[in-house]
Amino acid sequence: MKYNFGDIEKKWQKYWKDKKTFKVEIDHSKAKFYVLDMFPYPSGSGLHVGHPEGYTATDIVSRYKKMKGLNVLHPMGWDSFGLPTENFAIKTGTHPHDITEKNIQIFKRQMQSLGFAYDWDREIATSHVDYYKWTQWIFTKLYNKGLAYEDEVYVNWCPELKIVLANEEVVNGKSELGGHPVIRKPMKQWMLKITEYAERLLTDLDELDWPENIKEMQRNWIGRSEGASVIFKIKGFDEVIEVFTTRPDTLFGATYMVLSPEHKLSAEIATKQYKQAVDNYIENASRKSDLERTDLSKEKTGVFTGTYAINPVNNQEIPIWVADYVLISYGTGAIMAVPGHDQRDWEFAKEYDLEIIEVLKGGDIEKEAFEGDGIHVNSGFINDLGKEDAIAKMTSWLEERKLGKREVNYKLRDWVFSRQRYWGEPFPVLKYEDGSVRCLDEDELPVTLPEVDKYEPSGTGESPLANIDSWLYLTDPKTGKKAKRETNTMPQWAGSCWYYLRFCDAANDKEPWSKAAEKYWMPVDLYIGGVEHAVLHLLYARFWHKVLYDLDFVTTKEPFKKLINQGLILGEDGEKMSKSRGNVINPDRVVEAYGADSLRLYEMFMGPLDKVKPWSENGVKGVFSFLNRVYKFFASLKNIHDDEEDIEILKILHQSIKKVEQDIENLRFNTAISQMMVFTNTCMKKGRVNKSTAQTFIKILSPFAPHLCEELWELYGHKESISKELYPEYNKKYLIEDTFEYPVSFNGKLRFRVELPLDMENAEIEKTVLEHKSAEKWLAGKQVKKVIIIKNKIINVVIA
RNA sequence: GCCCGGGUGGCGGAACUGGUAGACGCGCUGGACUUAAAAUCCAGUGGCCAUUUAUGGCUGUGCGGGUUCAAGUCCCGCUCCGGGUACCA
């Protein structure tokens, strides 16, 4: 009676595959449940033990919900466009497509070896043309809605590699690949107007069942702030400078202005005397990355332009400076500086000896800026007001005179949506000789990626596509005009922005998804994935979803109802797993040594799903030994009888049904497993259980250890998969006790226990306890002040 | 700096809306089986102190206060660790 997990697991994996056990279709007679994993990027190194953590959790929920009678959608696919593959292609001269397909096969084999209940008929890959056709289709929708535009923006340009890098490819101001310096450079890029959705992306967070910290991260990222815009005239120029401030009440304290080096007026308004210095400063700033500029935050630098602005509130002339502590990407790229009440301005003013005026009482502006609340002084018509009132009054004052207005600003910036790379979705866009642009129509899609000889970016910073003349140039069949294709491709986020919708209707070749499928399956009821996607992926996907909602392609405002982030699994040494540390655990090896069911069970038993936890080989052995015991006990038919079940077993069985059910609902898999261990221990002590008990237990264990349970189920004579069974219901009558062993404490200290009927009157309980012979010792010479009786919990005697 | 998490045995972790701290697992100790080891099974296991024993007591959830009959759990003040973020005007 050996637990031969290797054979058992292979057998059932083949069974599920052949019978398509987990294939799912729309079924209006049943309620649906959509459980989704963040689909992986199929890297060359295969699955690591972090992947199966989230996948096992969703798999358990999916199998459980199915047994609860729900129609469960549980799909898997591949986020298969991406830079690592392309870099590998450059290095080896292999086609990225071939690398991708190979990696997908590895990932898929590994996943199937873990017995996940995916409907593999819905498998998708973002790099397949039947998928990215629809990514392009969504782009055309964004474009036609006016949410996609081309603009000259600052990007991370690496002169050494001659490529533009995504922000995440820049580490400490250097390229992740090779460590070459990166500068900020303006380049024409496709942009998506995510900022237009900032307010909704923010407010709709409230209704989501997401971890609070993720919501908070998104809120911070969106960074809403209320304030006012103020217009300053420039002495000797027709132009004006508009600034955004959250503290219009401090306008009387504005003693200078600062433009960011990239501000269009910076060079323009410099007087002859200062022109050279300003130009030098701007030139210098352009060489720095954002990171360098912010890193050197200790020492603020800047130059005077020689020009003055007029403070609208008192007509004072105030000097205009250019300094890189003001960022072009936030607000208007210009500020009014109030050194008395803004620490950054204060530091700058001290450095360059600029005037500091106190306009709010409460601090000591000699020592530092005072950013708190207080009574206004030196502030004309808002003197004596507090902060809030002063802001309101000043804002109205500005609005009446058309010198400014109430305004809300967001930290969120429009999304740089193009990459100068080969391995991504081509833009469905044509450019004509006259500079005009046409976004293709649906019947012209897809724009497929052409074959290329070399995957290196062209030296000009364009993608390799710029070198394929046969693809690049064409006569537009719709207009007859000569045209050139867009050579940029979309970033990796594009494909992952809508894959959850494609899963609803993955084989549809007429449309990205049918309305009926979307209406039935959406929204995603449970979404599990890594916290590293807290902001970008989840924000981008929400943004696209809202656009699709506005265009009536989807029926829910938000795509992901409930979100959980699985916690990182550390190496045995408590450090992050990495090749260089040599502490990486390969799931294949674990499966080989202990089986997939043990790996699944261990990953869930380690601790709470969302916490960081270290790996432990002995821990795996522990759950492996549990599964061995389960197999040995329940597969030994001599232990299984047909008599009436023992009441003690029935009690713990029904407790277990209830506990495991509740724990799965709350994603507390570790305690569910512990309960099943307790149950098994009890059965083994008892030595025998009846068949009904055994079958019930196998059912509740089956979402966790599906292979083992299918095997036992078959052993008990069943022909159908256990996954088709209904989840057992617990019977309350076995959970109700009629006595309780009360802990009796005196002044909060536990002294002894006494078993009493639960229906006993309080007065009687009190009498019994006080007369109990163990109580004598504690009552001697003391006076009983009160007896507190909490039914089913505790008795506390208060004595003095 | 700011914003989130989190400090419970030798270790991973349990403890529902305040009500028996340490479930379950690992490790360790002792025992059984074995020529022996591994595997398996049985028993014990927070610390300290008493006792001849089956026992009894003290103490204990990062630190210091507080609320309460009762605090790992609530409140106030610290401290340490982890994650995110960074001149956002």
Side-chain angles (χ1 to χ4, degrees), chain A residues 211-217 219-221 223-225 227 243-247 250 258 260 290-291 293-298 300 323-327 329-338 341-345 347-348 371 409-413 531-532 534-535 565 567-568 570 574 601-602 605-608 610-623 625-626 628-629 632 659 662 666 668 670-681 684-685 741-753 777 785-799:
Chain A
E212 201 45 51
N213 66 318
I214 300 289
K215 292 207 239 180
E216 198 57 28
M217 281 166 81
R219 286 188 194 111
N220 291 340
W221 193 267
R224 182 184 201 273
S225 52
V243 300
F244 172 75
T245 177
T246 53
R247 295 293 303 276
T250 61
V258 186
S260 80
D290 253 11
L291 213 116
R293 277 172 57 166
T294 55
D295 224 30
L296 300 167
S297 62
K298 302 281 174 289
K300 287 195 170 39
D324 67 2
Y325 81 92
V326 173
L327 307 175
S329 49
Y330 184 76
T332 60
I335 61 156
M336 63 177 217
V338 185
H341 303 281
D342 181 290
Q343 188 58 25
R344 297 156 300 181
D345 296 342
E347 282 163 20
F348 190 78
E371 298 181 347
N409 224 303
Y410 301 91
K411 227 161 89 180
L412 185 69
R413 306 167 196 180
V531 70
E532 66 273 19
V535 173
N565 300 112
L568 198 65
L570 304 174
L601 209 62
Y602 174 63
F605 188 61
M606 291 172 85
D610 55 352
K611 293 285 178 326
V612 178
K613 313 157 279 254
W615 185 266
S616 155
E617 176 94 11
N618 280 326
V620 186
K621 284 182 187 163
V623 293
S625 129
F626 164 65
N628 265 292
R629 287 150 63 86
K632 279 183 192 158
K659 172 89 174 131
Q662 286 175 346
N666 294 305
R668 292 189 304 235
N670 53 334
T671 49
I673 293 165
S674 140
Q675 178 65 34
M676 292 188 282
M677 287 173 167
V678 172
F679 173 80
T680 307
N681 292 344
M684 292 181 72
K685 272 202 183 104
E741 189 181 38
Y742 282 96
V744 180
S745 54
F746 290 78
N747 285 350
K749 288 191 193 222
L750 176 66
R751 297 305 180 188
F752 62 93
R753 290 159 203 279
K777 176 172 169 187
K785 289 177 72 178
K786 209 193 314 184
V787 178
I788 288 154
I789 297 161
I790 311 292
K791 270 259 178 304
N792 229 338
K793 282 268 158 66
I794 201 167
I795 296 166
N796 190 20
V797 183
V798 187
I799 48 177

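Residue numbering restarts at 1 for every chain, and letters A, B, ... go by the order of the sequence lines.
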Engineer: Okay, side chain of A/Asn747, backbone of A/Ile799: is any donor-acceptor separation there less than 3.5 Å?
Structural biologist: yes
Engineer: Can you check whether A/Asn670's main-chain N or O pairs, donor with acceptor, with A/Ser674's side chain at less than 3.5 Å?
Structural biologist: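 Looks like no, no N/O pair under 3.5 Å.
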Engineer: If the C1' atom of B/C87 is compared with that of B/C75, how far apart are they to the nearest Å?
Structural biologist: 36 Å
Engineer: If B/G56 has a Watson-Crick or G-U wobble mate with both distances under 3.5 Å, name it; if not, just say none.
Structural biologist: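 Result: B/C49.
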Engineer: Considering only the P atoms, how many Å lie between B/A39 and B/C16, rounded to the nearest integer?
Structural biologist: 36 Å
Engineer: For the pair made of CD1 in A/Ile673 and P in B/C26, what is the distance, rounded to whole Å?
Structural biologist: 13 Å
Engineer: If you look at every strand shown and take non-hydrogen atoms under 4.0 Å, does A/Lys749 touch a base, only sugar-phosphate, or nothing?
Structural biologist: sugar-phosphate
Engineer: Using atom CZ of A/Phe626 as one end and atom C1' of B/G12 as the other, report the distance to the nearest whole Å.
Structural biologist: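 The distance from CZ of A/Phe626 to C1' of B/G12 comes to 17 Å, rounded to the nearest Å.
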Engineer: Indicate whether OP1 or OP2 belonging to B/G57 is found under 4.0 Å from a side-chain N or O atom of A/Lys777.
Structural biologist: yes
Engineer: If you assign each of A/Arg224 and A/Lys621 to its closest nucleotide in RNA chain B, which residue comes earlier from the 5' end?
Structural biologist: A/Lys621
Engineer: Look at all strands and tell whether A/Lys659 reaches a base, only sugar-phosphate, or nothing, counting heavy atoms closer than 4.0 Å.
Structural biologist: nothing
Engineer: Just to be sure I understand the rule, does A/Asn409 reach a base, reach only the sugar-phosphate, or reach nothing, if contact means heavy atoms closer than 4.0 Å?
Structural biologist: nothing
Engineer: May I ask you to check whether over 12 heavy atoms, not counting those of A/Lys791, lie within 6.0 Å of atom NZ?
Structural biologist: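 More than 12 within 6.0 Å, yes.
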Engineer: Given that A/Asn628 and A/Ala334 both sit by RNA chain B, which one's nearest nucleotide is further toward the 5' end?
Structural biologist: A/Asn628
Engineer: Can you name the residues that form a side chain to side chain donor-acceptor pair (under 3.5 Å) with A/Lys659, not counting sequence neighbours?
Structural biologist: A/Asp663
Engineer: Is the phosphate of B/G19 approached by A/Asn796 (side-chain N or O, under 4.0 Å from OP1 or OP2)?
Structural biologist: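 Negative; the distance criterion is not met.
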Engineer: Please enumerate all residues that pass side chain to side chain donor-acceptor pair (under 3.5 Å) together with A/Glu371, with sequence neighbours excluded.
Structural biologist: none
Engineer: Check the orientation of A/Tyr602 and A/Trp615. Use parallel for under 30°, tilted for 30 to 60°, and perpendicular for over 60°.
Structural biologist: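 The arrangement is perpendicular - the two ring planes meet at more than 60°.
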Engineer: B/G27 phosphate, OP1 or OP2: any side-chain N/O from A/Asn618 under 4.0 angstrom?
Structural biologist: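 Yes.
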Engineer: Where along nucleotides 29-34 of chain B does protein come under 4.0 Å, by heavy atom, of base (B) or sugar-phosphate alone (S), with - for untouched nucleotides?
Structural biologist: ------
Engineer: Would you say A/Asn681 places a side-chain N or O within less than 4.0 Å of OP1 or OP2 belonging to B/G25?
Structural biologist: yes
Engineer: Between C1' on B/A89 and CZ on A/Arg247, what's the gap in Å once rounded to a whole number?
Structural biologist: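 Taking atom C1' of B/A89 as the reference, CZ of A/Arg247 is at 11 Å.
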Engineer: Does A/Ser745 make a side-chain N or O approach to OP1 or OP2 of B/U20 shorter than 4.0 Å?
Structural biologist: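 False: A/Ser745 side-chain N/O out of range (4.0 Å or more) of B/U20 OP1/OP2.
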Engineer: Rounding to an integer number of Å, can you tell me how far A/Lys785 NZ sits from B/C69 P?
Structural biologist: 9 Å
Engineer: May I have the distance from A/Leu601 (atom CG) to B/G13 (atom C1'), rounded to whole angstrom?
Structural biologist: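 Checked: the CG to C1' distance equals 15 Å.
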Engineer: Considering every strand and a 4.0 Å limit on heavy-atom distances, what is the contact class for A/Ser616: base, sugar-phosphate, or nothing?
Structural biologist: nothing
Engineer: Hey, what's the ring geometry for A/Phe244 with A/Tyr330, parallel, tilted or perpendicular (30° and 60° as the breaks)?
Structural biologist: perpendicular
Engineer: Side-chain N or O of A/Arg629 less than 4.0 angstrom from OP1 or OP2 on B/C41?
Structural biologist: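 Yes, within the criterion.
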